[in-house]
**Student:** 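Dumping the structure here so I can ask a few things about it.
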Amino acid sequence: MKWRFDPRTILYLLIISQLVLFLDGSIVIEIITVIILIIPFLLTRQFYWGIGISVVYILQLLATFFLLPKITSPVLLYPLSMVSNGFRELIPGMMIGIYAIKFTSLGEWISLFKKWHFPKFFTVTFAVFFRFFPTIQQDYQQIRNAMAFRGIERGILSFVKQPRQTFEFILIPLLMNASQVAQDLTIAALTKGLSMPGKQTSLIQLQMTKFDYIYLTASTLPLIFTLGGFL
């Protein structure tokens with residue numbers, strides 16, 4: 001099933017999720033919000049994200065209600081509380097960030113920024129940021145392939161057994177390449193004329209679909225429930 005979100009929908013979802021978090025709604029409202037945000041991953045068969053986030057969220061809930069009340073040592077209580085409560089509240093924002101990468105394209109965001117007359121420096125910065133992490137991920141995969149070709153052990157077990165080798169073969173090349181990647185992406189963005197003065201047009205025409213309207217409505221329900229005190 002093909003599912004595309006309009007960038008305006010993603011911005012709206014981000015605002016709504018943060019408002020629900022800011023208003024400190026009940027745990028039921030939080031669960032409803034997370035379920036609403038997980039559904040697109042399942043409908044588009046991206047089970048890696050949908051099931052993965054669901055499992056992490058359920059484990060955090062179980063730790064909050066069953067594990068933390070039994071812990072009396074502050075040494076264990078504070079870090080576990082940060083993981084189960086603090087990180088749990090970041091999950092809606094993280095999912096919307098994944099939406100921005102999985103369900104939209106950079107061209108759609110640039111088209112929106114031009115339409116809303118965003119500053120040029122913001123558009124260029126966003127274009128570099130949007131492309132930076134996927135490019136770094138490709139570099140990381142190439143490093144892992146090179147390690148496998150040379151018979152070098154990799155993965156979590158390798159990191160535990162030989163952390164120095166992992167840092168030397170993976171982390172250091174990524175750090176050295178990161179600045180060059182950022183520079184190349186900035187040059188590419190400037191070459192496309194994103195910083196040129198004057199009115200700019202775009203070939204991409206943004207249009208809301210039925211999926212956008214469905215999620216605009218569904219995502220508003222947790223906020224209505226929170227403000228109305230229904231749950």
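None of the values given here were measured: they were computed from a predicted structure.
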**Student:** Between OG of Ser219 and CD1 of Ile214, what distance do you get to the nearest 0.5 Å?
**Tutor:**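 Interatomic distance, Ser219 OG to Ile214 CD1, rounded to 0.5 Å: 11.5 Å.
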
**Student:** Are Trp109 and Leu11 close enough that some pair of their side-chain heavy atoms sits under 4.5 Å apart?
**Tutor:**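 In short, these two side chains touch, coming nearer than 4.5 Å.
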
**Student:** Checking side chain to side chain contact (heavy atoms under 4.5 Å, CB included) for the pair Ile32/Leu221: CA distance, chi angles, key distance, verdict?
**Tutor:** CA-CA 9 Å; Ile32 292 175; Leu221 295 178; over 6 Å; no

**Student:** What about Leu68 and Leu62, same hydrophobic cluster or not, with Ile/Leu/Val/Met/Phe/Trp/Tyr joined at side-chain heavy-atom distances under 4.5 Å?
**Tutor:**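 No, no single cluster joins them.
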
**Student:** Is it the case that the side chain of Gln46 and the backbone of Leu43 share a donor-acceptor pair, with hydrogens and angles ignored and the cut-off at 3.5 Å?
**Tutor:**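 No, Gln46 side chain to Leu43 backbone: no donor-acceptor pair under 3.5 Å.
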
**Student:** Quick one: do Ile39 and Leu14 end up in the same hydrophobic cluster if we chain Ile, Leu, Val, Met, Phe, Trp and Tyr together by side-chain heavy atoms under 4.5 Å apart?
**Tutor:**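 Same cluster.
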
**Student:** Leu206 versus Arg8: any side-chain heavy-atom pair under 4.5 Å?
**Tutor:**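 With C-beta onward as the side chain, the pair touches.
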
**Student:** Going by heavy atoms in the side chains, are Phe103 and Thr44 under 4.5 Å from each other?
**Tutor:**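 The answer is yes, as the side chains (C-beta and beyond) meet within the 4.5 Å cut-off.
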
**Student:** Please state whether the rings of Phe122 and Phe113 are parallel, tilted or perpendicular, taking 30° and 60° as the class boundaries.
**Tutor:**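 Ring orientation, 0 to 90° scale: perpendicular.
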
**Student:** Taking all non-hydrogen atoms of both residues into account, name the closest pair between Ala182 and Val128 and its distance.
**Tutor:**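 So the two residues come closest at O-CG1, 4.1 Å.
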
**Student:** Give me the atom names and distance for the closest heavy-atom approach of Gly50 to Ile38.
**Tutor:**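 Scanning both residues completely, I find the closest heavy atoms to be O-CG2, 4.0 Å.
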
**Student:** Working note: Ile36 + Thr33, criterion side chain to side chain contact (heavy atoms under 4.5 Å, CB included); need CA distance, chi angles, decisive distance, verdict.
**Tutor:** CA-CA 5 Å; Ile36 290 174; Thr33 303; 5.8 Å; no

**Student:** Does atom CZ (Phe118) have a neighbourhood of more than 12 heavy atoms from anything else shown, all under 6.0 Å?
**Tutor:**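 Yes, CZ of Phe118 has more than 12 neighbouring heavy atoms, counting only those of other groups under 6.0 Å.
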
**Student:** Run Leu23 and Leu223 through side chain to side chain contact (heavy atoms under 4.5 Å, CB included) and show every step you take.
**Tutor:** CA-CA 9 Å; Leu23 295 173; Leu223 181 61; 3.7 Å; yes

**Student:** Quick one: pull up CD1 in Ile15 and CD1 in Ile10 and give me the separation to the nearest 0.5 Å.
**Tutor:**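 Interatomic distance, Ile15 CD1 to Ile10 CD1, rounded to 0.5 Å: 12.5 Å.
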
**Student:** Any heavy-atom pair between the side chains of Lys102 and Trp49 that's under 4.5 Å?
**Tutor:**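 A side-chain contact exists here, since the closest heavy-atom pair is under 4.5 Å.
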
**Student:** So, applying side-chain hydrogen bond (donor to acceptor under 3.5 Å, both in side chains) with Tyr140, which one of Gln142, Arg144, Gln138 is it?
**Tutor:**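 Considering Gln142, Arg144, Gln138, a side-chain hydrogen bond (donor to acceptor under 3.5 Å, both in side chains) with Tyr140 is found only for Arg144.
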
**Student:** Which atom names give the shortest non-hydrogen contact between Pro74 and Pro79, and what distance separates them?
**Tutor:**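 So the two residues come closest at O-CD, 4.1 Å.
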
**Student:** Classify the side-chain pair Asp212/Thr209 by whether it contains a donor and acceptor separated by less than 3.5 Å.
**Tutor:**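 Yes, Thr209 and Asp212 have a side-chain donor paired with an acceptor closer than 3.5 Å.
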
**Student:** Could you tell me the separation between the CD atom of Glu89 and the OG atom of Ser17, rounded to the nearest 0.5 Å?
**Tutor:**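 Here the rounded value is 12.0 Å.
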
**Student:** So, Asn145 and Gln141: side-chain donor and acceptor under 3.5 Å apart, yes or no?
**Tutor:**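 Checked: Asn145/Gln141 side chains pair up, N/O donor to acceptor below 3.5 Å.
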
**Student:** Of the non-hydrogen atoms in Tyr215 and Leu13, which two are nearest, and what is the gap between them?
**Tutor:**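 Looking at all heavy atoms of both residues, the closest pair is O-CD2, 4.0 Å.
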
**Student:** Output, in order, the C-alpha distance, side-chain angles, deciding distance and verdict of side chain to side chain contact (heavy atoms under 4.5 Å, CB included) for Leu77 and Thr72.
**Tutor:** CA-CA 7 Å; Leu77 180 61; Thr72 57; over 6 Å; no

**Student:** Establish whether Ile187 and Leu106 are linked, either directly or via other cluster members, by ILVMFWY side-chain heavy-atom contacts under 4.5 Å.
**Tutor:**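 They do not share one cluster, since no chain of ILVMFWY contacts under 4.5 Å joins Ile187 to Leu106.
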
**Student:** Roughly how far, to the nearest 0.5 Å, is CG of Leu174 from CG of Leu171?
**Tutor:**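 Taking CG in Leu171 and CG in Leu174, the distance rounds to 6.5 Å.
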
**Student:** Between Tyr12 and Thr220, do the side chains contain an N or O donor and an N or O acceptor separated by less than 3.5 Å?
**Tutor:**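 On atom types as modelled, these side chains qualify, holding a pair under 3.5 Å.
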
**Student:** By the salt bridge (charged side-chain N to carboxylate O under 4.0 Å, His left out) test, which pairs, at least two apart or in different chains, include something from residues 68-85?
**Tutor:**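 Those involving residues 68-85 do not exist here.
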
**Student:** Does CZ belonging to Phe47 count more than 12 external heavy atoms closer than 6.0 Å?
**Tutor:**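 More than 12 heavy atoms, drawn from other residues, nucleotides or ligands, come within 6.0 Å of this atom.
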
**Student:** Looking only at heavy atoms, what is the nearest atom pair of Pro7 and Leu112, with distance?
**Tutor:**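 Shortest heavy-atom contact: CB-CD2, 3.6 Å.
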
**Student:** Among residues two or more places apart or on two chains, list those pairs meeting salt bridge (charged side-chain N to carboxylate O under 4.0 Å, His left out) that have a residue in residues 119-135.
**Tutor:**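 Of all non-adjacent pairs touching residues 119-135, none passes salt bridge (charged side-chain N to carboxylate O under 4.0 Å, His left out).
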
**Student:** Are the side chain of Thr64 and the backbone N or O of Gln60 linked by a donor-acceptor pair below 3.5 Å?
**Tutor:**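 Yes, because the side chain of Thr64 sits within donor-acceptor range (under 3.5 Å) of the backbone of Gln60.
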
**Student:** Under 6.0 Å from the CE atom of Met208, do we count more than 12 heavy atoms belonging to anything else shown?
**Tutor:**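 Check passes, neighbour count above 12.
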
**Student:** State plainly whether one hydrophobic cluster holds both Ile53 and Ile96, where clusters connect Ile, Leu, Val, Met, Phe, Trp and Tyr through side-chain heavy atoms under 4.5 angstrom apart.
**Tutor:**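 Yes; tracing contacts between hydrophobic side chains, which count when under 4.5 Å, links both residues.
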
**Student:** Taking side chain as C-beta onward, heavy atoms only, is Leu90 less than 4.5 Å from Phe87?
**Tutor:**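 Side-chain contact under 4.5 Å: yes.
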
**Student:** If hydrophobic clusters are built by linking Ile, Leu, Val, Met, Phe, Trp and Tyr wherever their side-chain heavy atoms come under 4.5 Å apart, do Phe129 and Ile101 end up in the same one?
**Tutor:**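 Phe129 does not cluster with Ile101.
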
**Student:** Taking only residues two or more places apart in sequence or in another chain, which ones pass side-chain contact (heavy atoms from CB on, under 4.5 Å) with Leu61?
**Tutor:**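 Checked Leu61 against side-chain contact (heavy atoms from CB on, under 4.5 Å); matches are Ile27, Ile31, Tyr57, Phe65, Arg88.
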
**Student:** Please round to the nearest 0.5 Å and tell me the distance separating atom CG of Asp139 and atom CD of Gln180.
**Tutor:**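 Rounded to the nearest 0.5 Å, the CG-CD separation comes out at 10.5 Å.
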
**Student:** Any idea which heavy atoms bring Glu108 and Ile204 closest together, and the distance?
**Tutor:**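 In terms of heavy atoms, the two residues are closest at N-CD1, 3.8 Å.
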
**Student:** Is the closest side-chain heavy-atom distance between Phe211 and Pro40 below 4.5 Å?
**Tutor:**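 Result no, sub-4.5 Å side-chain heavy-atom pair not found.
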
**Student:** Nearest 0.5 Å please: distance from the OH atom of Tyr78 over to the OG atom of Ser73.
**Tutor:**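 One gets 9.5 Å once the value is rounded to the nearest 0.5 Å.
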
**Student:** Is the ring centre of Phe41 less than 6.0 Å from the ring centre of Tyr99?
**Tutor:**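 Yes, close enough.
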
